[in-house]
There are 2 protein chains.
Amino acid sequence: MAATIRDVAQASGVHVSTVSRTFSAPHLVNPETRNRVLAIAEDLGYRPNRAARALTTGRTHNLGLIVADIANPFFPPLIKAAQAHARLRDYHVFVADTDEDPQVEEELIQTLTKQVDGVLLCSPRLSNRAIEKLSEDVPFVVVNRRLRGMSTVLMDVGHGARLAIEHLTALGHRRIALLAGPAGSWTSREMSDAARAADGIELTVIGPNSPTEHGGIAAAEAVLAADVTAVLAYNDLMAIGLVEGLDERGVEVPGRISVVGVDDIVPGRLTRPKLTTVAMPTEAAGRTAVDLLLQLVGAGETATPALATLATHLIIRDSTGPVPS
Amino acid sequence: MAATIRDVAQASGVHVSTVSRTFSAPHLVNPETRNRVLAIAEDLGYRPNRAARALTTGRTHNLGLIVADIANPFFPPLIKAAQAHARLRDYHVFVADTDEDPQVEEELIQTLTKQVDGVLLCSPRLSNRAIEKLSEDVPFVVVNRRLRGMSTVLMDVGHGARLAIEHLTALGHRRIALLAGPAGSWTSREMSDAARAADGIELTVIGPNSPTEHGGIAAAEAVLAADVTAVLAYNDLMAIGLVEGLDERGVEVPGRISVVGVDDIVPGRLTRPKLTTVAMPTEAAGRTAVDLLLQLVGAGETATPALATLATHLIIRDSTGPVPS
DNA sequence: ATGTTTCGTGCAACCGGTTGCAGAACTTCC
DNA sequence: GGAAGTTCTGCAACCGGTTGCACGAAACAT
């Protein structure tokens, strides 16, 4: 069995409380005693049991990170960044995948609640109402969804959409289609609001669509029917699918139609043509979300929700070009 | 504050032990009492505290999953599958990223040890020695590395490599290069063993290389110098990079050189030409690893290490073709 | 020399559960 | 009708830590 605090106490001839303090409040114990205890602890391979500690302190030093789909290339960089950032602050993170199912999401949060100090909710599928309810039990930070009264990390996709459209209009495009995402998506709404507000273009909104490669392929027909020269897609996966669908129909990108995606996921850099896209600050979002969450955790009841909006930028590659004459 | 077992006990006029048993050994309590307790628990929103339970039972119902790099597209499907499979068995999983650093890996395992019932180690960078040492403290299942005396999940990449080479020879290729992976990699050794054993081909081994897109780009020069007509790359990322590097030099794939990757990651399906590749059963590996681990956890000291070898298969797409005449 | 702080440590209760043991109430059997 | 089981519940110790409180010793002030 692994050494406990009592083993260390016995071996060093002090009371358990002294050993405890050696680790959790070193300044309260005599340097001499402390060193002796530390040496013996080291010797016995003692490591404090975080779960036991959590029982009295109420701090588990764990975070929960809930995403809709781990395998969606958008998330791994965020997970990685969040996890690394948390680790620096001595936090471990549970990662859970809801498979896009709100029901699963809710259950997950409930069973996780007791084991974590806070939960990071990325692109939640749950209703605002449900989230607010659950947030009574555990601090939340929500990524990619606006929720008043709650700490939030947003990526300014509206701005990104404007940049994309400016880029397209500079290339001479006037008739532009927006391939919308899933119905309830905040991101999708932001994008279409931005696109609708753009001057001097004729916008066709196609969708809602499934935010997958398949959704993009399926939309190719509708894009052709819309008779546009450029398309802004909800995300890169759809954009890639669309390029594929257009290719199957002998339509060249960017020769006949220009395509812009959103997210800047890895595959987009590898396809041909390489995808022009709105880069999302996913790593920064992961780090920021952890920071906000720990801030919330530290503040306890007096917590003030914070809102962080992260900038996006346009990466121009090869899937956009001048409007065909 | 969240309701505890004592709140429920008080509210239902029974002793805490009865409440405890209602949840952890229902058959020991009178159905009538049980229902009353359950109703009141429901009412109070009571949920057992897993950490507290772990203290006495020694079972945390948590697993640790350690990978070298979450953002490497190879891992997310495995993580997703493992996590989903664990959840069905009422286990949560900590996911941690070592950033390819053995030091970090070791620390991570140590701090995680007390909080989990077992650890899944995917493509570990740690020495066998270190892993064996650490395995005294917590059950391990190792994925993608052969380690005697320890439960292991392997993907039969040797077989995959043979399939790939058969495919290439059937197309007429004789001079083939193997783009090796990192030096210590078990997978890389398996592949080169298989390739060396193949009959009737002239093999050039290039490497070790960094297992990234960049490594592939960098290897393009060496591939051309080797004067081969086909290349088997350590993984898809490298294969994609190689195709890119060759393209920059005006070399057509598969027109002049055929390229086969390994892993079947998502981007490979999206590039052009679409990548011929050896598909790895990553989801199955994740599930199998969880099964083996839980089996180990259940068995306690009497655990018998098991070995699972998962089949790979070849997916023929567009990056391979007949040898140029 | 005495009174007041400061410092270091021990004591014991507590966090939220689990579990071996014991005993009460109720059955079953002869 | 009493002995022997069953079934259900309570008691209390325990898991591995933390922490408020008390107390003795040393350091300081007067």
Side-chain angles (χ1 to χ4, degrees), chain A residues 1-38 40-41 44-62 90 110-117 137-138 300, chain B residues 1-38 40-41 44-62 90 111-117 137-138:
Chain A
M1 260 307 152
T4 75
I5 204 173
R6 295 173 216 265
D7 299 331
V8 177
Q10 185 147 28
S12 38
V14 298
H15 195 264
V16 293
S17 54
T18 302
V19 179
S20 172
R21 280 189 275 256
T22 301
F23 289 93
S24 50
H27 61 279
L28 289 181
V29 23
N30 184 311
E32 208 171 309
T33 318
R34 190 199 309 158
N35 289 332
R36 191 156 39 88
V37 171
L38 284 177
I40 292 184
L44 267 48
Y46 167 76
R47 305 200 144 242
N49 181 326
R50 296 168 144 237
R53 175 178 293 177
L55 213 47
T56 45
T57 61
R59 292 265 167 278
T60 61
H61 269 242
N62 292 148
D90 199 26
Q110 286 176 343
T111 60
L112 230 37
T113 291
K114 288 281 189 15
Q115 279 188 92
V116 300
D117 295 341
D137 294 334
V138 62
Chain B
M1 262 305 151
T4 75
I5 204 174
R6 299 178 209 260
D7 299 331
V8 178
Q10 185 147 29
S12 38
V14 298
H15 195 262
V16 290
S17 53
T18 301
V19 179
S20 173
R21 281 188 274 257
T22 301
F23 289 93
S24 49
H27 60 278
L28 289 180
V29 22
N30 185 311
E32 207 170 310
T33 319
R34 190 200 309 157
N35 289 333
R36 191 156 39 89
V37 170
L38 283 177
I40 292 184
L44 268 48
Y46 168 77
R47 305 204 142 236
N49 180 327
R50 298 168 144 238
R53 175 178 293 178
L55 214 47
T56 46
T57 61
R59 292 265 167 279
T60 61
H61 268 242
N62 292 147
D90 199 26
T111 60
L112 229 37
T113 292
K114 289 280 191 12
Q115 280 188 92
V116 301
D117 295 340
D137 294 335
V138 64

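As a basis for the values below, the full set of heavy atoms in this structure was taken, side chains included, without hydrogen atoms, waters or symmetry mates. Throughout, protein chains are lettered first and strands after them, A, B, ... in sequence-line order, and every chain is numbered starting at 1.
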Nearest whole Å is fine: how far is [N] [atom2] from [X] [atom1]?
| X | N | atom1 | atom2 | answer |
| --- | --- | --- | --- | --- |
| R6(A) | dG17(D) | CZ | P | 8 Å |
| N30(A) | dG24(D) | CG | C1' | 15 Å |
| R59(B) | dC15(D) | CZ | C1' | 14 Å |
| Q10(B) | dG16(C) | CD | C1' | 15 Å |
| L55(B) | dT18(C) | CG | P | 11 Å |
| N35(B) | dC8(D) | CG | P | 13 Å |
| H27(B) | dT7(D) | NE2 | C1' | 12 Å |
| F23(A) | dT9(C) | CZ | P | 15 Å |

**OP:** To the nearest 0.5 angstrom, please state how far the OG1 atom of T18(B) sits from the CG atom of N30(B).
**Re:** 10.5 Å

**OP:** Tell me, with the steps shown, if T4(A) and N49(A) meet side-chain contact (heavy atoms from CB on, under 4.5 Å).
**Re:** CA-CA 8 Å; T4(A) 75; N49(A) 181 326; over 6 Å; no

Subject >> Stepwise salt bridge (charged side-chain N to carboxylate O under 4.0 Å, His left out) check, D90(B) with R50(B) >> reply: CA-CA 11 Å; D90(B) 199 26; R50(B) 298 168 144 238; 2.7 Å; yes

**OP:** Give the angle between the helix axes at the two ends of the helix from dA1(C)-dT30(D) to dC30(C)-dG1(D), taking five base pairs at each end and rounding to 10°.
**Re:** 40°

Search all heavy atoms of [X] against all heavy atoms of [Y] and return the closest pair with its distance.
| X | Y | answer |
| --- | --- | --- |
| S12(A) | R36(A) | O-NH1, 2.8 Å |
| F23(A) | A41(A) | CZ-CB, 3.8 Å |
| I5(A) | Y46(A) | N-CE1, 3.5 Å |
| P48(A) | R53(A) | CB-NH2, 3.5 Å |
| A11(A) | L44(A) | CB-CD2, 4.4 Å |
| L55(A) | A52(B) | CD1-CB, 3.6 Å |

Original post:
Would the number of heavy atoms belonging to other residues, nucleotides or ligands and lying under 6.0 Å from CD of Q110(A) be above 12?
Top reply: yes

**OP:** Can you spot which of N62(A), T60(A), V138(A) makes a side chain to side chain contact (heavy atoms under 4.5 Å, CB included) with D117(A)?
**Re:** T60(A)

**OP:** Give, ordered by number, those residues of residues 44-53 of chain A having at least one heavy-atom distance below 4.0 Å to an atom of DNA chain C; if nothing qualifies, reply none.
**Re:** none

**OP:** Looking at every strand, decide which applies to V19(A) at a 4.0 Å heavy-atom threshold: base, sugar-phosphate, or nothing.
**Re:** nothing

Distances for protein N/O vs nucleotides 19-25 of chain C N/O pairs under 3.5 angstrom?
| residue | atom | partner | partner atom | Å |
| --- | --- | --- | --- | --- |
| dG20(C) | O6 | R21(B) | NH1 | 3.4 |

Original post:
Taking for each residue the nucleotide of DNA chain D bearing the nearest heavy atom, is the 5' side occupied by T33(B) or by K114(B)?
Top reply: T33(B)

